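Below you'll find the structure, written out as structure tokens, and then a few comments.
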Amino acid sequence: MRLATWNVNSLRSRVDRVEAFVDRHEIDVLALQETKGRPDQLPLMGLEARGYEVAALGVNQWNGVAICSRVGLDDVQEGFTGMPGFGDPVAPESRALGAVCGGVRVWSLYVPNGRKVDDPHYVYKLEWLARLRQSAGSWLGEDAALVGDWNIAPLDTDVFDIKAFAKDTHVTPPERAAFNAFVEDGWSDVVRPHQPAHDTYTYWDYYRQRFERNRGMRIDFVLGSPSLARRVSGAFVDKDERDPAQGTGSPSDHAPVVVDLA
DNA sequence: ATGGTCGCGATGCGA
């Protein structure tokens, strides 16, 4: 079974790339983030014609997650217990979507960005992660994957220049502690062992030709439960999907992450 | 320290 996660930065503007991606790699389960549209706005016909069932959430301009599966889509869950809101009473639900696909519990996660370290959204991010961790504990015993855009770079080498991030979110000790708490619970990054240490990025900002200069960040992860991690036979980041010179139309600022399960 | 580029949806805002 082949599982992928991708912050697609608008499914409507990228559906051709998404369809070509699932065809090229024969993806069984695709978790999407930043779909940027209500489910009724999303162009899903092409995916459904390929045999995918789709569950989607999304209520405003940037939040929005989906799961596309051609190996079953059961027990769909919108959000998790205690998932905190941030003012907007409807936005929180669009950040997490769970389903059981081919026997694997998959969560498509769009962790709050946090904006600035002195911003209330930063506190919200940490609270959101703490609540997710509480719920995730009950999935550790099954084949489960917490996938998506975590908006955290756990290691200094996961950003192109750690000195440039001195005052920024994504690398602060509390965010890294929140990420590492999942690891300490038993969730593991199942992709990193399959990558060279110097080539781990999943995101390159649109500004200043960051992709062309390989000034990126590693913020998209597939965290597997112990039993799922034992099934992983391979993994890779499809950087071609971030390359403006490849494919049609403009790319997302994130590359998809692909994991193979035995 | 600033600004650079996207997507959305009609203007600035969030990433």
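Predicted model only: the values in this text are computed from it and were never measured. Computation of the quantities below employed the complete heavy-atom set of this structure, encompassing side-chain atoms and omitting hydrogens, waters and symmetry-equivalent molecules. Chain letters run A, B, ... following the sequence lines, proteins first, then strands; residues in each count from 1.
Within 4.0 Å of S250(A), counting heavy atoms only, lie sugar-phosphate atoms of the nucleic acid but no base atom. Across all strands shown, Y110(A) has heavy atoms under 4.0 Å from sugar-phosphate atoms exclusively, and none from any base.
When the P atom is compared between dT2(B) and dC6(B), the two are found 23 Å apart, to the nearest whole Å. Across the C1' atoms, dG4(B) and dA15(B) are found 13 Å apart, a figure rounded to whole Å. Comparing the P positions of dA10(B) and dG14(B) gives an interatomic distance of 16 Å, to the nearest angstrom.
Here P196(A) pairs with H198(A), D199(A) under the side-chain contact (heavy atoms from CB on, under 4.5 Å) rule; sequence neighbours left out. In terms of the salt bridge (Lys or Arg N to Asp or Glu O under 4.0 Å) criterion, residue partners of D189(A) (sequence neighbours excluded) are, by chain and number, R192(A), R218(A). Listed by chain and residue number, nothing satisfies the side chain to side chain donor-acceptor pair (under 3.5 Å) test with R210(A) (two or more places apart in sequence, or in another chain).
Less than 4.0 Å separates DNA chain B from at least one heavy atom of each of the following residues of residues 204-213 of chain A: Y206(A), Y207(A), R208(A). A heavy atom closer than 4.0 Å to some atom of DNA chain B occurs in no member of residues 149-156 of chain A.
One finds no salt bridge joining E26(A) and R2(A) here, because no Lys/Arg side-chain nitrogen approaches an Asp/Glu carboxylate oxygen to under 4.0 Å. Ion pair R230(A)/D143(A) not flagged as a salt bridge, since none of the NZ, NE, NH1 or NH2 atoms sits closer than 4.0 Å to an Asp/Glu carboxylate oxygen. R38(A) and D40(A) are joined by a salt bridge, as a carboxylate oxygen and a charged side-chain nitrogen come within less than 4.0 angstrom of each other.
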Check against ring-ring contact (aromatic ring centres under 6.0 Å, His included), F211(A) and Y201(A): CA-CA 10 Å; F211(A) 180 77; Y201(A) 302 153; over 10 Å; no
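When the C1' atom of dT5(B) is taken as reference, atom NZ of K36(A) falls 11 Å away, rounded to whole Å. Here dA1(B) presents its C1' atom at 17 Å from NZ of K163(A), a figure rounded to the nearest Å. Per the geometry, NZ belonging to K116(A) stands 12 Å off C1' belonging to dA1(B), to the nearest Å. Regarding Q41(A), its CD atom lies at a distance of 16 Å from the P atom of dG7(B), rounded to whole Å. Atom C1' of nucleotide dA15(B) and atom CZ of R95(A) are separated by 11 Å, given to the nearest angstrom. What separates CZ of R215(A) from P of dG4(B) is a distance of 17 Å, to the nearest Å. In this entry the distance linking CD of Q33(A) with C1' of dC6(B) reads 18 Å, nearest Å. Remark: C1' of dC8(B) and CZ of R14(A) are 12 Å apart, rounded to the nearest angstrom.
For dG7(B), neither phosphate oxygen OP1 nor OP2 lies less than 4.0 angstrom from any side-chain nitrogen or oxygen of R12(A). For S10(A) and dC8(B), the shortest distance from a side-chain N or O to OP1 or OP2 is below 4.0 Å.
Counting only residues at least two apart or on different chains, the ring-ring contact (aromatic ring centres under 6.0 Å, His included) pairs with a member in residues 222-262 of chain A are H25(A)-F236(A), Y203(A)-H254(A).
Of the candidates dC8(B), dC6(B), dA15(B), dA15(B) carries the atom nearest the N113(A) side chain, counting heavy atoms from C-beta on.
Within the 4.5 Å cutoff, the side chain of I219(A) has no heavy atoms near those of the W150(A) side chain.
Considering F182(A), W107(A), F179(A), W187(A) in turn, F179(A) is the only one that fulfils the ring pair (Phe, Tyr, Trp, His ring centres under 6.0 Å) rule with F221(A).
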